[in-house]
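Just below is one structure, and these are the notes that go with it.
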Amino acid sequence: MAYWLMKSEPTVFGIDHLAGAPRQTTSWDGVRNYQVRNMLRDDVRQGDQAFFYHSGCAVPGIAGIVNIVSAAHPDATAFDPSSEYYDAKSTFAEPIWYSVDVQLAQRFATLVTLPQLRGEKALKSMKLLQRGNRLSITPVRAAEWVHILALVP
DNA sequence: GCCAACGTTGGC
DNA sequence: GCCAACGTTGGC
């Protein structure tokens with residue numbers, strides 16, 4: 001079982017949206033970056049867990065934990081001309097983009113903030129914290145996962 | 001295949 | 001709103 005960190009802008013889809021969704025489950029769609037697509041398609045498995053990270057907001061940080069409840073399947077938004085994520089090049093026969101389904105596992109009472117994470121020596125080499133990292137999904141090492149869990153209030 | 005221009009992400 | 005970093009695009 002592997003660990004991941006998944007970024008989302010809370011004004012677009014935050015952990016509160018997930019908490020209010022049917023079965024507290026949603027399809028993690030809209031990924032349009034090939035590196036992230038490859039990770040989703042090839043490496044993310046049912047049963048994995050991920051931190052739900054809030055980005056592009058006043059207080060960036062980890063808001064909770066989700067369970068990966070399905071392996072990758074073609075991203076339906078790519079087939080939908082009315083979606084902002086529509087991609088005419090992605091077809092049912094040859095899908096380009098993929099998504100996984102995630103279910104809320106835990107919502108933290110308060111965020112583990114980005115400055116807090118940066119302050120932890122044990123997390124120095126975490127992908128999220130590397131200079132120039134912009135990937136919306138990054139792997140998290142087991143040791144990092146455990147270390148961060150200990151920071152949750 | 002190179003590379004400049006442009007677009008996006010995301011912290012600050 | 002600014003800017004660094006990086007991905008993508010497209011002309012050549």
(Q) Can you tell me how far apart CD (A:Gln49) and CE (A:Met6) are? Round to the nearest 0.5 Å. (A) 12.5 Å

**Q.** Strand contacts (DNA chain B) in residues 51-63 of chain A, 4.0 angstrom heavy-atom criterion
**A.** A:Tyr53, A:Ser55, A:Gly56, A:Pro60

**Q.** Any donor-acceptor N or O pair under 3.5 Å, side chains A:Glu9, A:His54
**A.** no

Q: Starting from P on B:dG10, measure out to CG on A:Leu128 and report it in whole angstrom.
A: 10 Å

**Q.** Whole-Å distance separating the NZ atom of A:Lys89 from the P atom of C:dT8
**A.** 11 Å

Q) With a non-hydrogen cut-off below 4.0 angstrom, is A:Glu9 in contact with a base, only sugar-phosphate, or nothing? A) nothing

**Q.** Pair A:Asp80, A:Ser82: side-chain N/O donor-acceptor within cut-off below 3.5 Å
**A.** yes

Q | Distance in angstrom units between A:Arg37 CZ and C:dG7 C1', rounded | A | 14 Å

Q: Please confirm whether A:Tyr85 and A:Trp97 have ring centers closer than 6.0 angstrom.
A: no

**Q.** A:Glu84 CD - B:dT8 C1' separation (whole Å)
**A.** 13 Å

Q | Side-chain donor-acceptor pair present, A:Ser125, A:Arg141, cut-off under 3.5 Å | A | yes

Q.
Rounded to whole Å, how long is the line connecting atom NZ of A:Lys7 with atom C1' of B:dT9?
A. 7 Å

**Q.** Minimum-distance nucleotide (side-chain atoms of A:Tyr34 versus B:dT9, B:dC12, C:dT8)
**A.** C:dT8

(Q) To the nearest 0.5 Å, what is the distance between CG on A:Asp29 and OH on A:Tyr98? (A) 15.0 Å

Q.
Measure CE/A:Met6 against C1'/B:dT9 and give the value in whole Å, please.
A. 17 Å

Q) Please give, in whole Å, the distance from B:dG10 P to A:Leu129 CG? A) 14 Å

Q) Could you give the CG-to-P distance, from A:Leu114 to B:dT9, as a whole number of Å? A) 18 Å

